[in-house]
Amino acid sequence: MIKLKKSDFEKIVAHARKEAPIEACGLIAGELSGGDKIIKKVYILTNVDHAEEHFTLDPKEQLTAVKDMRANGLTPLGNWHSHPVSPSRPSDEDKRLAYDSSASYMILSLMDAEPVLNSFHIEGDKSEKEQLVIED
Ligand SMILES: [Zn+2]
């Protein structure tokens with residue numbers, strides 16, 4: 001199970017809507033508790049591709065975020081990005097670039113009026129939806 005605070009969910013949605021039609025992206029960090037992942041902090045990073053169908057996290061901002069995680073005793077848990085006009089599931093490219101099978105890959109779809117966020121475990125060309133809990 002992966003847990004996300006409602007306020008962090010709203011932060012992701014607000015940023016992704018602002019960036020659309022460009023894909024928005026960032027990192028997630030928190031703690032591992034048993035088999036669960038608890039997200040304590042969501043980082044918003046620049047998509048250096050400025051593209052509508054793919055993203056690359058800004059390497060400098062990534063380094064700064066990882067330092068911040070270390071300073072705050074947080075574990076890197078994965079990343080998130082938006083799909084402005086496509087469903088909340090990994091594209092072939094998303095799977096190709098998902099090199100870390102222990103990470104969670106969160107994808108926010110804005111194609112419908114209601115935003116849809118899912119979290120995935122990706123290994124090779126297989127992706128599996130994780131149980132995502134969004135709570136206050
Ligand atoms: Zn994608």
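Whatever order the structure lists them in is the order used to number ligands and atoms, beginning at 1. Residues take their numbers from the sequence shown, with the count starting at 1.
Among the atoms of His83, an N, O or S atom falls under 2.8 Å from the Zn ion (ligand 1). Residue Glu23 does not count as close to the Zn ion (ligand 1), with no N, O or S atom under 2.8 Å.
Enclosure of atom NZ in Lys11 by more than 12 non-hydrogen atoms of other residues, nucleotides or ligands within 6.0 angstrom is indicated.
Looking only at N/O/S atoms, Asp94 comes nearest to the Zn ion (ligand 1) through OD2. The atom name of the N/O/S atom in His81 closest to the Zn ion (ligand 1) is NE2.
Checked by atom type and distance alone, the side chain of Ser109 pairs as donor or acceptor with a backbone atom of Met111 at under 3.5 Å. Not a single donor-acceptor pair under 3.5 Å links the side chain of Ser101 to the backbone N or O of Glu123.
Looking at heavy atoms from C-beta onward, Ile107 lies out of side-chain contact with Trp80 at the 4.5 angstrom threshold.
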